[in-house]
Amino acid sequence: MEYVLALFPDGAAAERAAGSLRSLGLGENDYRVKTHAAATRSAKRWAEWLFETVEARPGTAAESLPQDDIYWYEDRIRAGEALVAVRLEDRGGPEVWRALRRAGGHDVRRYWARVTVNYRTTA
């Protein structure tokens, strides 16, 4: 799973960037806009908080962003910036990255989450 994250000066700029994502064919389930009102450090996993869903399925463990990066993004959101996060499965990350940069995003970063499957064997 690939993620592209970008920070914007405020929620309005982030919403305009979301319009650019929709023009690329992404649906509302493919991206999220998080603003100061949504910033919270919780026990939830990052992807669960970000996309309001549980990504890991039984038998899998997903690794996402480094913890330091997560706290950095949360701090930026608390400071008034807005985050646009895009979850990509088979779409082109570079195209999304460029669209977010053109829309005024800064600190645009791509992350890849590894999924490790735990198989149970019987003897």
Side-chain angles (χ1 to χ4, degrees):
M1 182 79 61
E2 181 180 351
Y3 297 89
V4 179
L5 281 71
L7 289 168
F8 290 84
D10 54 38
E15 289 297 337
R16 286 191 298 276
S20 296
L21 296 173
R22 288 188 296 275
S23 71
L24 291 176
L26 275 76
E28 290 186 14
N29 290 330
D30 297 322
Y31 68 89
R32 290 291 186 266
V33 174
K34 294 293 185 176
T35 61
H36 178 69
T40 179
R41 285 197 175 124
S42 71
K44 287 184 175 183
R45 291 185 33 226
W46 172 254
E48 181 181 354
W49 169 78
L50 195 57
F51 289 95
E52 290 103 26
T53 186
V54 178
E55 279 193 3
R57 293 174 292 283
T60 65
E63 297 176 17
S64 61
L65 281 63
Q67 196 67 37
D68 288 345
D69 288 5
I70 291 170
Y71 289 141
W72 182 78
Y73 281 114
E74 289 173 346
D75 289 342
R76 298 307 324 140
I77 294 168
R78 279 195 178 90
E81 293 184 71
L83 173 70
V84 174
V86 184
R87 181 176 52 196
L88 304 168
E89 291 187 32
D90 358 352
R91 293 186 180 85
E95 185 178 4
V96 169
W97 186 88
R98 284 190 296 274
L100 292 172
R101 291 285 298 165
R102 282 192 303 267
H106 65 90
D107 290 300
V108 181
R109 300 177 186 183
R110 292 171 66 190
Y111 295 91
W112 289 266
R114 277 194 332 231
V115 176
T116 304
V117 178
N118 300 317
Y119 292 99
R120 291 189 180 165
T121 60
T122 56

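Just so you know, these numbers come straight off a predicted model, no measurement behind them. Counting begins at 1 with the first residue of the sequence.
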Residues at least two apart in sequence or cross-chain that pass side chain to side chain contact (heavy atoms under 4.5 Å, CB included) with Arg110, listed by chain then number, are Glu2, Val4, Pro94, Trp97, Trp112
Practice item. Start with the C-alpha distance between Asp69 and Leu5, add both sets of side-chain angles, then the distance that settles side chain to side chain contact (heavy atoms under 4.5 Å, CB included), and finish with yes or no. Key: CA-CA 11 Å; Asp69 288 5; Leu5 281 71; over 6 Å; no
**OP:** Keeping the roles fixed (side chain from Arg87, backbone from Arg32), state whether a donor-acceptor pair exists under 3.5 Å.
**Re:** no
Verify side chain to side chain contact (heavy atoms under 4.5 Å, CB included) between Leu26 and Leu88, making sure each step is shown before the conclusion. CA-CA 9 Å; Leu26 275 76; Leu88 304 168; 4.3 Å; yes
Closest contact, heavy atoms only, [X] versus [Y]:
{"X": "Leu24", "Y": "Glu95", "value": "CD2-OE2, 3.2 Å"}
{"X": "Ile77", "Y": "Leu83", "value": "CD1-CB, 3.8 Å"}
{"X": "Arg101", "Y": "Val108", "value": "CD-CG2, 3.3 Å"}

Between side-chain atoms of residues 7-22 and protein atoms elsewhere (two or more places apart, or another chain), which donor-acceptor pairs fall under 3.5 Å?
{"residue": "Asp10", "atom": "OD1", "partner": "Ala12", "partner atom": "N", "Å": "3.2"}
{"residue": "Asp10", "atom": "OD1", "partner": "Ala13", "partner atom": "N", "Å": "2.8"}
{"residue": "Arg22", "atom": "NH1", "partner": "Tyr31", "partner atom": "OH", "Å": "2.6"}

